[in-house]
2 protein chains.
Amino acid sequence: MPRNKRHLEQGEKKQAILTAAAELFTENGFDGTSMNAIAKQAGITPNTIYWYFPGKDDVLIGVLNDLVRDGLTEAMTMAGLPVRERLMHAIGVFERPESLMNTVHARVAHSEAIATWHARFHMMLEQILISEVCKVGIPTERAATVSRLLVYVIEGLLSHPHQENDRHEMIDAMLELAGVDA
Amino acid sequence: MPRNKRHLEQGEKKQAILTAAAELFTENGFDGTSMNAIAKQAGITPNTIYWYFPGKDDVLIGVLNDLVRDGLTEAMTMAGLPVRERLMHAIGVFERPESLMNTVHARVAHSEAIATWHARFHMMLEQILISEVCKVGIPTERAATVSRLLVYVIEGLLSHPHQENDRHEMIDAMLELAGVDA
DNA sequence: CTGTCATCTTGAATGGCATTCAAGAAAACA
DNA sequence: TGTTTTCTTGAATGCCATTCAAGATGACAG
């Protein structure tokens, strides 16, 4: 017979920690947020976080997965709109005063967990872009290369603070160069 | 009358520290290198570094400036070669198992010094690319945008471990899309 | 109702880190 | 020779992620 748990909230508390972490990461960045700060925000002690997550990197991964989930969900609801608009919106979801993508890239070399998350993320993003890019009239044999270039441009935008019209300009220019029927 | 210094090596010791730091940053990355390790590599104690540099970020800036200097110097000697080759080589200079560009992006938000270095670096790189890109037949009004896209693609390559033929493929694709006469 | 066991939480370490401080050597100068 | 400036260091300080051993708390078995 299965032994028990506490307040019936196994996953809920985990989510509460992630919510607290997401808020602080967004405000102060990953490096600017201590486990102590996350714990305080969640109303617990830092030790408790380690019962739910192996380490700080894994908290980051949890936050990133929530972000991806939200981004994909919202992208679904925008199914009718053109690629350009959906791209613009997705970048908005991941853009923060303190972009977490920079942290991911900086930590890939130090953390196995972050490295595999990053690899998965790239594959997913590239697959999505390839299919989107084909839909707007880019020949199949070019789609993979164009998608990789797009990934880099998107990450470039996420890595650097920019105005919204810069974002439009860069994405439009890239799509135009790639030969998208505007 | 000017008071004195020691072994006539004011700047030389500074350079020795930078050389030690460059070696370790290249091997283990910025975060993976402690001031203690840099000091040991340079044959001094960590405190001494602080007499020559305000902090660890400033050591990083010193290392980066050396890298830029070397890159520009080598680019000069390749003056006859096509843009593509010079670009490829410049990326090679900045590419490391542990790319420092990721560290720069991650630290821009936390360090004033790194932020201004980063801004200057971008301006310089963009200016160079604009002039290069004009030379190979890209209309002036497009040159700025194409250059910014190129910067992002270059940084994307620097941010991600990749094979040399990936690098060729991405840069060639970008130049071709931009309309460079190959 | 009671003792046991898994689940969850914590106070108090541990070890590493960047950085600072006060004091010490060492060369140049008067 | 003694003072001043330049350089170096041993020994802190304080923050950090992470760990450990012990304490609560609830579910279940008898």
Side-chain angles (χ1 to χ4, degrees), chain A residues 1-18 20-21 24-25 27-63 98 103 106-107 109-114, chain B residues 1-18 20-21 24-25 27-63 98 100 103-104 106-107 109-114:
Chain A
M1 273 156 207
R3 282 296 175 139
N4 52 320
K5 54 252 163 173
R6 210 112 164 213
H7 299 304
L8 299 175
E9 27 148 315
Q10 332 104 298
E12 286 176 34
K13 192 128 193 187
K14 203 166 175 175
Q15 193 55 50
I17 294 173
L18 288 181
L24 294 172
F25 287 171
E27 191 71 25
N28 311 319
F30 180 80
D31 289 330
T33 302
S34 67
M35 291 298 261
N36 215 318
I38 299 173
K40 196 181 284 183
Q41 176 88 3
I44 55 179
T45 51
N47 308 338
T48 305
I49 300 176
Y50 287 89
W51 197 85
Y52 293 94
F53 298 92
K56 197 182 177 188
D57 284 323
D58 306 271
V59 176
L60 175 60
I61 289 174
V63 169
E98 275 280 352
T103 305
R107 293 199 66 71
H110 300 301
S111 157
E112 190 70 33
I114 299 256
Chain B
M1 274 157 209
R3 284 293 176 142
N4 52 317
K5 55 249 160 174
R6 210 110 164 217
H7 299 304
L8 299 176
E9 28 148 315
Q10 332 105 293
E12 285 176 35
K13 192 128 195 186
K14 203 166 176 175
Q15 193 55 48
I17 294 173
L18 288 181
L24 294 172
F25 287 171
E27 191 71 26
N28 310 319
F30 180 79
D31 289 330
T33 302
S34 67
M35 292 297 261
N36 214 318
I38 299 173
K40 196 180 285 183
Q41 176 87 4
I44 54 178
T45 51
N47 308 338
T48 305
I49 300 177
Y50 287 88
W51 197 85
Y52 293 94
F53 298 92
K56 197 183 177 187
D57 284 323
D58 306 271
V59 176
L60 175 59
I61 290 173
V63 169
E98 274 281 351
L100 292 181
T103 304
V104 170
R107 294 200 64 72
H110 300 299
S111 157
E112 190 70 33
I114 299 255

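Here is how names work: the chains are called A, B, and so on, in the same order as the sequence lines, proteins then strands, and each is numbered from 1.
If you take CD1 of A/I44 and P of D/dA24, they are 19 Å apart, rounded to a whole angstrom. Following rounding to the nearest Å, B/H110 (NE2) and D/dC15 (C1') show an atom-to-atom distance of 15 Å. The separation between B/W51 atom CH2 and C/dC21 atom P is 17 Å, rounded to whole Å. Regarding A/I38, its CD1 atom lies at a distance of 11 Å from the P atom of D/dC16, rounded to whole Å.
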Every protein N/O within reach of nucleotides 15-19 of chain C N/O, cut-off under 3.5 Å:
residue	atom	partner	partner atom	Å
C/dA18	OP1	B/M35	N	3.4
C/dA18	OP1	B/K56	NZ	2.9
C/dA18	OP2	B/M35	N	2.9
C/dT19	OP2	B/Y50	OH	2.8
C/dT19	OP2	B/K56	N	2.9
C/dT19	O5'	B/Y50	OH	3.2

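From B/S111, atom OG reaches atom CG of B/D58 across 7.0 Å, with rounding to the nearest 0.5 Å. Annotation: the span from A/I114 atom CD1 to A/L60 atom CG amounts to 4.5 Å, rounded to 0.5 Å. Atom NZ in A/K40 sits 11.0 Å away from atom CG in A/L24 (nearest 0.5 Å).
Residues B/F25 and B/I38 are in side-chain contact: their nearest non-hydrogen atoms beyond the backbone lie under 4.5 Å apart. A/F30 is not listed as a side-chain neighbour of A/V59, based on a closest heavy-atom distance of 4.5 Å or more.
Between A/K13 and C/dT9, a side-chain N or O to OP1/OP2 separation shorter than 4.0 Å is present. Distances shorter than 4.0 Å separate none of the side-chain N or O atoms of A/T45 from OP1 or OP2 on C/dT9.
The nearest pair of heavy atoms linking A/G55 to A/M35 is C-CE, 4.3 Å.
Counting heavy-atom neighbours within 6.0 Å of B/Q15 CD, excluding the residue itself, gives a total above 12.
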Subject >> Secondary-structure string, 5' to 3', Watson-Crick or G-U under 3.5 Å, | for another-strand partners, for DNA chain C >> reply: ||||||.|||||||||||||||||.|||||
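A side-chain contact (heavy atoms from CB on, under 4.5 Å) with A/Y52 holds for exactly one of A/I44, A/I17, A/L18; it is A/I17.
Counting non-hydrogen atoms under 4.0 angstrom, B/Y52 reaches the backbone sugars and phosphates but no base.
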